[in-house]
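Have a look at the structure below before the remarks.
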Amino acid sequence: CWSEDDPSRIGKIKITGMPVKKREWSPWTRAVLMGVTERLLGVETIPGSKPVKIKASASDRSAEIKAYIEHELDRLVEGKVAIKDLMVSKGFKTKSAYKHFRQAHLQVMLKIEERTRWPVKDKSRLYFVVLRGNDQLYLRTETPEFAAEQKLELDLGYYLKNQFYNPMKKLLMYHPELFNFEEMFKKYQKRLEMKDLHQSDLTSESAGKRKLLTAEDLVARYKKAATEGNKVTGQGSGGGGGGGSTKRKDQRDTLGAAGV
């Protein structure tokens with residue numbers, strides 16, 4: 001972009017060998033990285049036109065980059081990034097080219113073949129998303145279409161760490177003067193952990209949601225049941241004592257009729 005002969009001249013931005021060009025990174029990741037790159041260079045790229053120089057001081061540029069990243073992380077943590085923007089892809093060669101299928105895109109290939117009863121074409125590209133769960137990552141991959149159809153929950157922690165933090169750290173490692181990137185990442189990581197913790201405390205019911213019982217809730221429920229049981233026992237052995245003996249007699253008659 002910069003020319004020694006004419007520093008004011010704006011040229012083209014050509015980026016190779018970076019996550020913004022590789023399809024193994026999600027469209028959201030590539031868009032965020034490109035947005036930060038443009039702001040670092042002080043230019044704005046409008047599709048179909050040449051890059052436009054942005055006049056801003058270093059402090060303004062730093063604040064703009066931080067605000068831009070925080071906005072995108074807010075969208076991610078709040079689940080507002082579309083599934084199509086979080087899918088990643090990897091090339092599929094042919095089954096005989098792999099020693100095992102313990103890879104994310106190969107698991108997706110097996111699922112596609114199982115559902116369609118048709119082999120995946122060799123040398124094709126497989127798109128997938130990573131789902132939330134406790135299994136190994138390659139077992140938690142699914143096609144974007146199936147995940148959207150079944151309303152499956154994505155592993156936002158994976159996208160925050162692997163699809164944002166790792167590539168963004170490499171991009172910002174030469175710009176420590178901007179802001180504390182590690183502190184920002186830990187803040188959103190903690191926020192996501194709190195969100196997951198809150199969701200784990202809730203369970204879906206037909207009529208809505210209810211909070212899972214804690215140990216204290218169980219103890220309180222047990223004490224309440226024991227108290228009510230004592231009250232019932234006291235009523236049975238009190239002035240209306242005949243009621244208890246009549247009930248026991250009825251039980252014996254029922255057992256006798258059943259041949260017990």
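As the structure is a prediction and not an experimental result, all values here were calculated from the model.
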For Ser89, the side chain to side chain donor-acceptor pair (under 3.5 Å) test, sequence neighbours excluded, returns Arg125
By side chain to side chain contact (heavy atoms under 4.5 Å, CB included), Glu78 pairs with (sequence neighbours left out) Asp74, Lys80, Arg191
Between Asn162 and Val130, does a side-chain contact (heavy atoms from CB on, under 4.5 Å) hold up when you go through it step by step? CA-CA 11 Å; Asn162 298 71; Val130 179; over 6 Å; no
Scanning both residues in full, the closest heavy-atom pair of Val129 with Ala147 reads CG2-CB, 3.9 Å
For Phe164, the ring-ring contact (aromatic ring centres under 6.0 Å, His included) test, sequence neighbours excluded, returns Phe181
(Q) Side chains of Tyr127 and Lys84, heavy atoms from C-beta outward: is any pair under 4.5 Å? (A) no
With heavy-atom distances below 4.5 Å as the criterion, would you say the side chains of Leu152 and Phe146 are in contact?
yes
Contacts of Lys95 meeting salt bridge (Lys or Arg N to Asp or Glu O under 4.0 Å) (sequence neighbours excluded), chain-then-number -> Glu113
Residues passing the side chain to side chain contact (heavy atoms under 4.5 Å, CB included) test with Glu183, sequence neighbours excluded, are Asn180
Tracing side-chain contacts under 4.5 Å among Ile, Leu, Val, Met, Phe, Trp and Tyr outward from Phe101 reaches Val88, Phe92, Tyr98, Leu106, Val108, Met109, Leu110, Ile112, Val120, Leu126, Phe128
Sequence neighbours excluded, the answer for side chain to side chain contact (heavy atoms under 4.5 Å, CB included) partners of Lys123 is none
>> Do the side chains of Lys93 and Asp122 get close enough for a salt bridge, i.e. N-O under 4.0 angstrom?
In response: no
Does Met87 belong to the same Ile/Leu/Val/Met/Phe/Trp/Tyr cluster as Leu139, with side-chain heavy atoms less than 4.5 Å apart forming each link? no
| query | Quick one: does Leu178's side chain get under 4.5 Å of Leu40's, heavy atoms only? | reply | yes
Contacts of Lys187 meeting salt bridge (Lys or Arg N to Asp or Glu O under 4.0 Å) (sequence neighbours excluded), chain-then-number -> Glu70
Quick check: are there more than 12 heavy atoms from other residues, nucleotides or ligands sitting under 6.0 Å from CD of Glu114? no
| Do Tyr165 and Glu182 pass the side-chain contact (heavy atoms from CB on, under 4.5 Å) test, and can you show the C-alpha distance, the side-chain angles, and the key distance before you say yes or no? | CA-CA 9 Å; Tyr165 174 76; Glu182 293 291 336; 2.7 Å; yes
CG of Asp155 to OG1 of Thr141, rounded to nearest 0.5 Å, is 12.0 Å
Does any part of the side chain of Ile69, heavy atoms only, come nearer than 4.5 Å to the side chain of Leu172, both counted from C-beta?
yes
Applying salt bridge (Lys or Arg N to Asp or Glu O under 4.0 Å) to Glu142 and not counting sequence neighbours gives Lys111, Arg115
Excluding Tyr174, membership of its hydrophobic cluster (Ile, Leu, Val, Met, Phe, Trp, Tyr; side-chain heavy atoms within less than 4.5 Å) reads Met173
Sorted by chain and number, sequence neighbours left out, salt bridge (Lys or Arg N to Asp or Glu O under 4.0 Å) with Lys170 holds for none
Side-chain heavy atoms of Leu156 within contact of Val77, under 4.5 Å:
no
Between Arg132 and Glu153, does any side-chain N to carboxylate O distance fall below 4.0 Å? yes
- Task: Would you indicate whether the side-chain heavy atoms of Trp28 and Arg75 approach each other to under 4.5 Å?
- Result: yes
Those residues at least two apart in sequence (or on a different chain) that pass side chain to side chain contact (heavy atoms under 4.5 Å, CB included) with Tyr138 are Arg102, Gln107, Gln136
